[in-house]
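In this chain, numbering begins with 1 at the start of the sequence shown.
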Amino acid sequence: MRCNNSPAIPDSTTKGFGSMSEADAYLFANPQTTLGAVHFNVTDAQHISFTLQTNSSTNWFKGHYQNPNIYIQLPLQMAAERETARHLANGSSLGWDVSYTDFAHPASQSASVVGNIAPTFFFASAMFNFVVLLHNLVSEKESGVRQVMSTMGLLTSPFWLTWALFEGVQALVSTLLILAASYAFHFDIMWQNSFWLSFLLLLLTNLALVSFCFFISTFLRHSSAAVPAGFGLFIVAWVMLLVVAFGFPYSTNYSSGLVALFSLFPWTILGKGIGDLASATTGDSAVGISWSHRYSYCQSQAPSPSQQQSLGYYTTSCVAPLPHLFLFAAAQCIGYMAFSLYLDKVLPDRMGVRLPLWYPLLPSYWKPTKTTSPQRAVAALQLAVQHKELSGDADVAAENAAMQAICAHWISAQSHSAQTAKGRSHGKPAEYPQRNGGLDNSIVQCIGHSSSCEDVGHLQACLVPSIIADLSENGAVLLPAAGSCDSISGQHQDSLKAAFTNPTPERRLLKKERSTEAVAVKGNWLGIQQGECFCLLGPNGAGKSTTINCLTGVLPATAGEAVVHGSSIVHQGGLDRVRGLMGVCPQFDVLWDNLTGREHLMLFGAIKGLGRRQAEKQADALLGQVKLRAAGGVRAGAYSGGMRRRLSLAVALLGNPKVLYLDEPTTGMDPISRRHLWDLIASVKQSCAVVLTTHSMEEADILGDRIGIMARGQLCCLGSGLHLKQKFGSGYRLSVQVQQDVHNSSSSLQEDRLQRVAAFVQQHTGAALVDKLETHLHFKVPTEAEPKLTHIFARIKEEKDMLHIGDVQLRLTPLEEVFMAVAREAEIKHAQDMHETTELMLNGGTVVQVAMGASHAVAPDGQVTYSRGFKMIMVAFTCKTTSSIF
């Protein structure tokens, strides 16, 4: 047997024993070292028998499990039979050729380990990017970066398209890397199946997962919830993958409804596809799925033997072949992306703004009209007439009248344009009215009247009703005049570059404590010209930021009209036409921490349509102007608060905007940087109109060509800083400290001292008492009383001890005093309109209900009067209103 084997068996690999028991003892002592043994039993010369003893353990060898019958038992048996026959026949050359093969049987079905675990690993590799992407999308929306980009001119379609392209490229690279690693490690699931089937499955499911991430991001408002939501979805997906691995519901045993339901999710498509590819590569005779058999491997019943030979791999329990899965994944990409775009519009954004559910059905959304309807402006004029919105301040009333006249001309121009477009023009629009602090007869003539309006009340009485009547009768203003359509954008273009009329915007907020609507901004008619810096002041919640948000498109105006550079920004498409002309520095810095200052400017420059070279040139210049040239290459996350504000201002100045909105631009800056930025703002305003909000009275006084103080959503006063000081300050502010008696704390004694000092000052100067505290008196000294100040100081020095005067201060009325007076008056008026009261304890412990803002209180018996309650009542009033309404 050793010698006749091919090749011959060496002596060193065989061993002989005298009996079977000795061989068994050796096998027990040396396990897994012997393949087999032959025990011969010779009865006589003609009778020889043998017994085979083989190792039946199944071993893994070179990628396969060895069959012990074929590997050792049958070859050993045939060798023993061959040599026995030759021995008995005395013929060593006796031919003995025996072949053997497995009995034909169907391929055994076994569970694919790769098919069960591979979908989880492939999905996990994509899920990490899913969580990161979800966090980035929600964070960008929460921080306001996206809103700022929209304000600078970025449309919705480029925003989502850039995200989709970036993630699409990333999905492609990820798919290729996974396939490369699979081929490098010789995974049968990739080697034996068609490359294009594996590639399309991984790529399309990755893209579907990206679209699904876009879809989920529309429901989240806070980035802190994005990561938990992402990992929560991963757990749900993992459970669904386990279910799919056991054949549910992609089997003929389940309804098509369950198949459709599971096919809504990218991970189930991935699990089903990977399962099919893995099953096709399971077993020794597995051939995988070729591209030509991508449909045919899925059979409803067992094919014929000839078909089986050509198919290689098939399954009769398949309900969706791989091409159907590709279609499902592609449908998910398109469907989830479409839902993302839709929900992004109809769900409220961070400012609560949204479009109606049926907005895709509106023709105006898909094809905005180039002409502007004057209906909102008409409604603004009607509202002004019906409610007689004549401000108590003469300057504000004059501005209202001037802007209403401009509004009338603008209505005429828009109506003429609309009629010309329809071929029904009856003449040319009225000439544009001049606004030089008043209106001459040309205004009346341009609207078809011959009478003149010499004062504000007469102007509204004779001008506005006639316009409204004309509009009501004809539906448009068709005014016979010699002007041209180009007058609004030609000769008088500058005066309308930042003109916005009634209530430039009107935003309604819910005031919960009274369950009524509160109007955030209402009834303001205002125009800003090129080269002018208009400074808007007001307490917190007055409506300053709301006004800027409406003018920049962050918030839609509930009513009214706003015209910027001749275009209405409250109509469809109007705001998009002027976004490139606007620069916005928001109240809070909206920057990317991972981008440098220079990269910020380059990015926003591209959004505003600047070429690369032009953007680089402006970026270098602006970094130098805001003193950030040395820090231009540093990430914004490392900037201080003042540096971030300077970078935000530089972003706003990109592209040489015609209208510049600055919402508290110098907040958090040191005095040196603040002064430098004031110089910068003063220099750039020559080529644009600037709207500035601030809480710094010094900043407003220096930069503001005109200053408006807003309270309760309405302008209360308007004019230059000097004009407001002269109007509301009236000269000087004299403050006198009256000492208290340390031995007698009686309030009546202190009240007597205060009255004596007040009478003394008023007797010698004629000053008016404007405020009274426990130890201080504040007087407003008119300018004409300035010569008496020397005399009063001399008398105070003489009678200081007798009047118990501790300190005297005299200063010019600052803008802050004007601000406080105007804001206080507005709060008092509001409290009186709302009939608000508060409890006040009078002398003697009597508690009475006092109207907010009252200067005195009377006890129920009518005998006790508390005349020093003005300041105390105002303090209570201020605390109550500022903490509850906004």
field: Residue pair Y342, T218: steps toward the side chain to side chain donor-acceptor pair (under 3.5 Å) verdict
entry: CA-CA 9 Å; Y342 175 75; T218 60; over 6 Å; no

task: Hey, can you tell me if Y254 and F248 have their rings parallel, tilted or perpendicular (30° and 60° cut-offs)?
output: perpendicular

task: Measure up the W592 and F604 rings against each other and bin them: parallel (under 30°), tilted (30 to 60°), perpendicular (over 60°).
output: tilted

query: Does the distance from a Lys or Arg side-chain N to an Asp or Glu carboxylate O, for K141 and D344, drop under 4.0 Å?
result: no

task: Flag yes if more than 12 heavy atoms outside W196 fall under 6.0 Å of its CH2 atom; otherwise flag no.
output: no

- prompt: Would a 4.5 Å heavy-atom cut-off, applied to side chains only, mark I189 and S182 as touching?
  reply: no

- request: Give the C-alpha distance, both sets of side-chain angles, the deciding distance and a yes or no for side-chain contact (heavy atoms from CB on, under 4.5 Å) between L197 and R294.
  value: CA-CA 8 Å; L197 293 178; R294 62 189 183 277; 3.9 Å; yes

- prompt: Can you check whether F187 and Y183 have ring centres sitting under 6.0 Å from each other?
  reply: no

message: Within this structure, what is the CD-CG distance for the pair E140 and L137, rounded to the nearest 0.5 Å?
response: 7.0 Å

task: Give a yes or no on whether Y359 atom OH has more than 12 heavy-atom contacts from other residues, nucleotides or ligands under 6.0 Å away.
output: yes

message: For W160, I'd like to know if atom CH2 has over 12 heavy atoms of other residues, nucleotides or ligands within 6.0 Å.
response: yes

query: Checking side-chain contact (heavy atoms from CB on, under 4.5 Å) for the pair L172/F199: CA distance, chi angles, key distance, verdict?
result: CA-CA 9 Å; L172 176 62; F199 174 76; 3.7 Å; yes

message: Between T316 and Q299, is there a side-chain donor-acceptor contact under 3.5 Å, judged purely by atom types and distance?
response: no

message: Does the plane of the ring in F265 sit parallel, tilted or perpendicular to the ring in W267? Use 30° and 60° as the thresholds.
response: parallel

Stepwise ring-ring contact (aromatic ring centres under 6.0 Å, His included) test for F185 and W191: CA-CA 10 Å; F185 288 99; W191 271 101; over 10 Å; no

query: Pick from L154, T156, V590: which one makes a side-chain contact (heavy atoms from CB on, under 4.5 Å) with R146?
result: T156

query: How would you list, by chain and number, every residue that makes a side-chain contact (heavy atoms from CB on, under 4.5 Å) with H39, sequence neighbours excluded?
result: M20, A23, A37, T51, Q53

task: Can you spot which of L264, L207, L209 makes a side-chain contact (heavy atoms from CB on, under 4.5 Å) with Y336?
output: L264

message: With side chain to side chain donor-acceptor pair (under 3.5 Å) as the criterion, how do D276 and Y250 come out once you've worked through the C-alpha distance, each side chain's angles and the decisive distance to 0.1 Å?
response: CA-CA 11 Å; D276 285 0; Y250 295 100; over 6 Å; no

message: Looking only at the side chains, is there a donor atom on one of Q77 and E81 sitting less than 3.5 Å from an acceptor on the other?
response: yes

